Amino acid sequence: MQQDLRVYNTKTRKKEVFNPITEGKVGMYVCGPTVYGDAHLGHARPAITFDILYRYFKYLKFDVCYVRNITDVGHLVGDADEGEDKIAKKAREEKIDPFEIAKQYTERYHRDIYALNVLPPDVEPRATQHIQEQIEATQQMIDNGFAYEVNGSVYFDLEKYNEKYNYGELSGRILDEMQNNTRELDGQSDKKNPLDFALWKFAEPEHLMKWDSPWGIGYPGWHLECTAMSTKYLGKHFDIHGGGLDLMFPHHECEIAQGNACNHEEPANYWMHNNMITINGQKMGKSLGNFITLEEIYNGDHKLLENKYSPMTVRFFILQAQYRSTLDFSNDALGAAKKGFNKLMNALRALEGFEYIHNGEETNEKQEKVIDSAVNGCLRAMNDDMNTAVVISHLFKLTKIINQINMNTLPIGALSAEKFELMKTTFITFTKDILGLKDEMPTDLLPSIYNALERYKTAKEVKDYDSVDAIRAELKEISIVVKDMKHKIDWAYEE
RNA sequence: GGUCUCAUGGCCGAGUGGCUAGGCAGUGGUCUGCAAAACCAUCUACAUCGGUUCGAAUCCGGUUGAGACCUCCA
């Protein structure tokens, strides 16, 4: 069964068959974090969503180049013309150099995100290391007549742009309507038009992150780094641009405008946006102050958390929803995800331990059909705009068969060798390689588990039930459960 | 106010014109020294009012409710 991968393109608001610009190759750019605080649950979603896409492209044997940036220039807290740089603000609060702030939070971001088994991108460019490229892009836009300089700052000229292009296409906005809705800014703005956005900002003497430029000392505007870096690493025109839905406007809209203004072409063919994670139905976000950091989730250290949740539980939780749906956080939901994830890991471990033997059993056609339908279902779901929730549902169908084999209620030989292999490869590939789920058991714990099981077995044989119960309790302490089956004794994660 | 989404069983969450998504929780069984795990069976659904259709949770319209973006945000 071969089928095309279809992805939802925000630009056309349709699912489209993915056609790469160059046969067999994919370039994807995803907006990474602005590093002025710890990564929260919301940051985990795009990291995981596009990790899945990256992994799936690799699975499909594409030669993929994945670029995810780190924005380590703070930009502005408030209004586009006034206010303080976010990183500078944090630096002042913590009394450290802003570059040090960015460095620290970048490290913490990596620590918390990589715990989620997210693959590192091929390139992870930083805005501060691409100042020259941003200056050049700005100059290019001035030269092309789409930007103007005022008092040491350079702004994008939307009016000019709109004579030739159509600003607002991605987010379905119309420039005129936006202008009518824009409240008049107080004070003396340098901009010709309130909607014009900064490409380069003049830096006041007290501003700490600043660089020399043809327009004087300043720093780059927010949207510019993505244009400069995506162009540098993926070219003027590449396949996929991703990020959170909240970046659609204005960030991605501005990137499109900058791409056209610089390079005379739009940066990306497909725009993909993951939806938000909500908490009590409300968006979780830094600006709303209702976020839970990943570190807090892992440690259970937040007033809203009834438990700590492992990185893989978080990953599984996120994958149980399609990436374009909002996903609501709750302890119940995380708790259910934890159990579901353990169930999957128990099946994975059992499956990896199976040895196929055929003893002349009759083929169980019903179960073989379940395998076929689940295998096809996994592929179909991934091809249908990365529906990981449906992939997981099919993996649970296979889990049932795996458990039946493990419990000896379904002889392994009731499946043909090919069917068993098909199930095994599919289950393992989708669970580990594509969904990126992994067993979290520290390997140094295994010897003591097997030791406990040995003692359990002996105690059982002599009907020393007090010891049996004690060993059960002992293992339960580390969330391990004894599986006391007719034909063997094994352990499993507590679900 | 403008633009746009969404409303599914106790909870989370897929799906989309006719065919049981799945997980968690519940109930009844099988198994067990008792359990657990697992398996089998099973109960709760498609906000509301109309329309289209042989048939709608799924399409169309109204109503109600929730959310997102319009300012920095994953």
Side-chain angles (χ1 to χ4, degrees), chain A residues 13 30-34 36-37 39-50 74-80 83 86 168 171-174 177-178 180-183 195 222 242-251 273-278 281-288 291 316-317 320-322 324-341 343-344 346-347 350 377 381 384 387-397 399-404 406-410 460 463 465 468-469 472 475-476 481-486 490-495:
Chain A
R13 305 198 177 233
V30 174
C31 290
T34 302
Y36 64 103
H40 57 77
L41 243 192
H43 290 100
R45 199 158 195 202
I48 289 173
T49 298
F50 295 103
H75 307 297
L76 297 172
V77 173
D79 171 271
K86 280 179 289 201
S171 54
R173 277 157 226 264
I174 295 159
E177 285 181 5
M178 285 197 295
N180 295 338
N181 287 328
T182 308
R183 56 210 149 122
L195 292 169
W222 176 34
L245 193 60
D246 50 348
L247 296 179
M248 184 165 73
F249 186 91
H251 186 58
H273 293 98
N274 62 275
N275 215 318
M276 304 290 100
I277 288 182
T278 58
Q282 248 212 335
K283 178 178 151 180
M284 186 181 282
K286 257 179 216 163
S287 47
L288 295 165
F291 63 92
F316 186 80
F317 169 68
Q320 264 191 310
Q322 212 269 350
R324 285 191 291 117
S325 307
T326 54
L327 173 59
D328 199 48
F329 165 87
S330 72
N331 282 287
D332 284 350
L334 261 299
K338 180 197 166 104
K339 290 188 180 187
F341 171 68
K343 186 174 202 161
L344 216 53
N346 283 331
D384 184 17
N387 198 329
T388 52
V390 170
V391 171
I392 289 172
S393 80
H394 289 299
L395 292 178
F396 276 117
K397 296 228 165 120
T399 294
K400 272 201 158 87
I401 294 180
I402 293 164
N403 284 333
Q404 282 178 46
N406 198 31
M407 298 299 286
N408 233 3
T409 54
L410 177 72
K460 201 75 194 279
K463 294 193 161 57
Y465 295 124
V468 165
D469 291 343
R472 276 185 198 154
L475 286 171
K476 185 135 185 163
V481 130
V482 178
K483 280 171 76 102
D484 191 344
M485 298 170 281
K486 256 189 173 154
D490 200 357
W491 62 272
Y493 295 109
E494 190 179 20
E495 288 172 16

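These numbers come from a predicted model, not from an experiment. In what follows, chains are A, B, ... by sequence order, proteins preceding strands, each numbered from 1.
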If the sugar-phosphate is the primed atoms plus P, OP1 and OP2 and the base is the rest, what is the B/S/- string for nucleotides 10-24 of chain B, using protein heavy atoms under 4.0 Å? -SSSSS-----BBSS
Could you state the CE-P distance from M276(A) to rG67(B), rounded to the nearest angstrom? 16 Å
In whole angstroms, the gap separating C1' of rU71(B) from CG of L247(A) amounts to 14 Å
Mapping F249(A) and P46(A) to their closest nucleotides on RNA chain B, which lands nearer the 5' end? F249(A)
Atom CE of M248(A) and atom P of rU71(B): how far apart are they, to the nearest Å? 14 Å
Could you measure between the two C1' atoms, the one in rG67(B) and the one in rA47(B), and give it in whole Å? 15 Å
Between C1' of rG2(B) and CD1 of I174(A), the distance in whole Å: 10 Å
Rounded to the nearest angstrom, tell me the gap between atom CG in N274(A) and atom C1' in rA68(B). 13 Å
Note every stem involving RNA chain B: at least three consecutive Watson-Crick or G-U wobble pairs, i with j then i+1 with j-1, with both distances under 3.5 Å. B:1-7 with B:64-70, B:10-12 with B:22-24, B:26-30 with B:38-42, B:47-51 with B:59-63
Given atom NZ of K483(A) and atom P of rA36(B), what is their separation to the nearest angstrom? 13 Å
When you measure only distances, ignoring hydrogens and angles, does the side chain of R173(A) come within 3.5 Å of the base of rC4(B) through a donor and an acceptor? no
Mind checking what makes side chain to side chain donor-acceptor pair (under 3.5 Å) contact with K400(A), not counting sequence neighbours? none
At less than 4.0 Å, is any side-chain N or O atom of Q404(A) found next to OP1 or OP2 of rC40(B)? Yes or no. yes
Quick note, D484(A) side chain, CB onward, closest among rA74(B), rA35(B), rC72(B) is rA35(B)
Between atom CG in N403(A) and atom C1' in rU30(B), what is the gap in whole Å? 15 Å
Rounded to whole angstrom units, what separation is found between the CG atom of L288(A) and the P atom of rC72(B)? 14 Å
Residues which pass side chain to side chain donor-acceptor pair (under 3.5 Å) with D328(A), listed by chain and number, not counting sequence neighbours: T278(A)
For a quick test of reading the model: is some side-chain N or O of N406(A) closer than 4.0 Å to OP1 or OP2 of rA38(B)? no
Can you check the distance between rG23(B) and rG65(B), where both ends of the measurement are the C1' atom (answer in whole Å)? 28 Å
What residues, two or more places apart in sequence or in another chain, satisfy side chain to side chain donor-acceptor pair (under 3.5 Å) together with R472(A)? Y456(A), D469(A)
Kindly write out the residues that satisfy side chain to side chain donor-acceptor pair (under 3.5 Å) with D490(A), not counting sequence neighbours, or none if the list is empty. R349(A)
